[in-house]
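We count ligands from 1, going down the list as the structure has it; atoms in each ligand are counted the same way. Every value quoted in this text rests on a predicted model; they were computed, and no experiment measured them.
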Amino acid sequence: MTSSSTDSKQTCTLTNNATGESYELPVLDGSIGPKVIDVRKLYAETDFFTYDPGFTSTGSCESRITYIDGDEGILLYRGYPINELANNSDYTEVCYLLLYGELPSAEQKKKFAHDITYHTMLNEQINTFYRGFRRDSHPMAIMCGVVGALSAFYHDSLDINDPYHRMVASYRMIAKIPTIAAQAYKYSIGQPFVYPRNDLNYAENFLHMMFSTPAEDYEISPVLAKAMDRILILHADHEQNASTSTVRLAGSSGANPFACIAAGIASLWGPAHGGANEAVLTMLQQIGDKDNIDEFIKKAKDKDDPFRLMGFGHRVYKNFDPRSRVMQQSCHEVLEEMGVKDEPLLELAMELERIALEDEYFVDRKLYPNVDFYSGIIFRAMGIPTSMFTVLFAVARTVGWIAQWNEMIEDPSQKIGRPRQLYLGAIQRPYVETDKR
Ligand code: SDX
């Protein structure tokens with residue numbers, strides 16, 4: 001059953017006090033969540049733009065993929081609660097769910113897993129592409145470069161108006177992103193690339209490509225593979241966040257899917273977004289000891305200090321990010337599996353969370369730990385270097401970007417995204433010759 005936005009017959013009246021003119025604006029209902037005021041005709045009818053830098057009150061599209069209730073701390077993928085998926089499903093099944101809208105039958109899941117598996121290898125020519133980067137390049141820079149270059153290799157899946165091309169490009173992107181990511185890691189440590197194996201599931205294959213070497217067998221820990229799979233599920237999609245909106249905006253011009261995903265990776269890299277997981281670990285290492293927490297909490301509250309408590313706060317969640325709870329649970333499992341008795345950074349993170357959640361600055365602003373607060377501690381325990389944390393986020397989020405990109409292309413009302421502005425610059429003036437300036 002595909003829901004569609006319904007014209008609720010409800011309207012909002014906008015009155016211009018300067019002229020006394022009033023305008024009736026339609027209100028649209030979703031299946032759940034806030035109604036929207038449809039302002040598509042506002043400029044044509046009123047000569048006014050709306051103004052919403054950061055899009056704090058703006059819906060950019062219709063979507064049926066992910067729903068977030070920020071006040072209640074609820075996250076649904078196609079209607080299924082994130083904690084139920086994290087505890088009962090696996091990443092391949094969640095990829096199918098995000099792409100097709102329903103949980104797959106056993107047969108559908110087996111075929112989908114096979115089709116993704118048989119796209120995990122890269123065109124061998126791409127492997128030489130890495131040679132152009134310095135060994136100490138940030139792996140996110142390599143991800144932007146290599147993913148952006150995929151359209152130079154896969155010419156047979158670039159017609160975005162051909163559903164078959166879109167499906168092939170989507171499968172290729174989902175399948176190859178772990179291979180590209182693992183190769184960025186191997187390149188940075190001077191080890192040979194490890195090819196994917198078709199007998200491993202998505203998370204196992206990623207660990208295999210990251211940590212195995214030709215010199216000896218690498219035994220994949222089922223606990224780590226399960227933890228990695230759960231982390232991928234938690235990061236898979238998240239409504240119209242900055243990087244997803246970037247993918248949609250790039251795609252709205254008709255750009256090929258590989259270029260759009262590269263744009264999403266670039267946006268995710270920022271420390272206010274996906275780069276926060278790397279920034280959290282750096283922050284915890286900077287704090288160093290519980291005795292220093294108060295000093296950093298003070299810095300985070302100081303308007304004159306650019307320091308923010310990384311991994312805290314969220315544009316939408318004004319309650320606990322449901323993903324951070326599952327992540328914290330995984331923390332303990334991974335640390336136990338790795339035989340890490342007491343990880344001082346986890347102790348420090350939990351104490352920092354406790355103190356922040358008792359501080360009125362954070363309570364008043366409803367700043368809670370988000371998905372990035374604990375993820376870095378798990379990744380570090382898994383032996384993943386800090387510079388790879390956001391790369392893992394990009395690996396997981398690729399299916400969400402692809403699902404949202406497909407939904408945008410298939411949306412009959414979609415058109416090129418082209419916002420306007422409130423102009424504060426110089427008004428028209430004549431050119432002045434150099435000798436008269
Ligand atoms: C992700 O959008 C998504 O869905 C993203 C994501 C996804 O899955 O795609 O969930 C992934 O990006 C999670 C967020 C990771 N980023 C961080 O952890 C960086 C630290 N957090 C902040 O920079 C901030 O909270 C944001 C960017 C996440 C949200 O910023 P908003 O919504 O623009 O909020 P804001 O900056 O307007 O803050 C409101 C108030 C301000 O104080 P006042 O001006 O009202 O006095 O809260 C303060 C801010 O100064 N504030 C913080 C803070 N976050 C907000 N103060 C200290 N530390 C913080 N972390």
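Partners of Ser60 according to the side-chain hydrogen bond (donor to acceptor under 3.5 Å, both in side chains) rule, which considers only residues two or more places apart in sequence or in another chain, do not exist here. Under the rule for a ring-ring contact (aromatic ring centres under 6.0 Å, His included), the partners of Tyr130 that lie at least two apart in sequence or sit in another chain are Phe193.
Between Tyr368 and Phe373, the ring center distance fails the sub-6.0 Å criterion.
For residues 386-396, no pair satisfies salt bridge (charged side-chain N to carboxylate O under 4.0 Å, His left out), with sequence neighbours left out.
Asp38 places no side-chain N or O within donor-acceptor distance of the main-chain N or O of Val27, the cut-off being under 3.5 Å.
Enumerated by chain and number, the residues approaching ligand 1 to less than 4.0 Å through a heavy atom are His238, Asn241, Pro271, Ala272, His273, Ala276, Ala300, Lys303, Arg308, Leu309, Met310, Gly311, Phe312, Gly313, His314, Arg315, Arg323, Tyr361, Arg365, Leu367, Asn370, Asp372, Phe393, Arg397.
Scanning all heavy atoms of the two residues, the minimum distance from Leu85 to Tyr80 falls at CD1-O, 3.7 Å.
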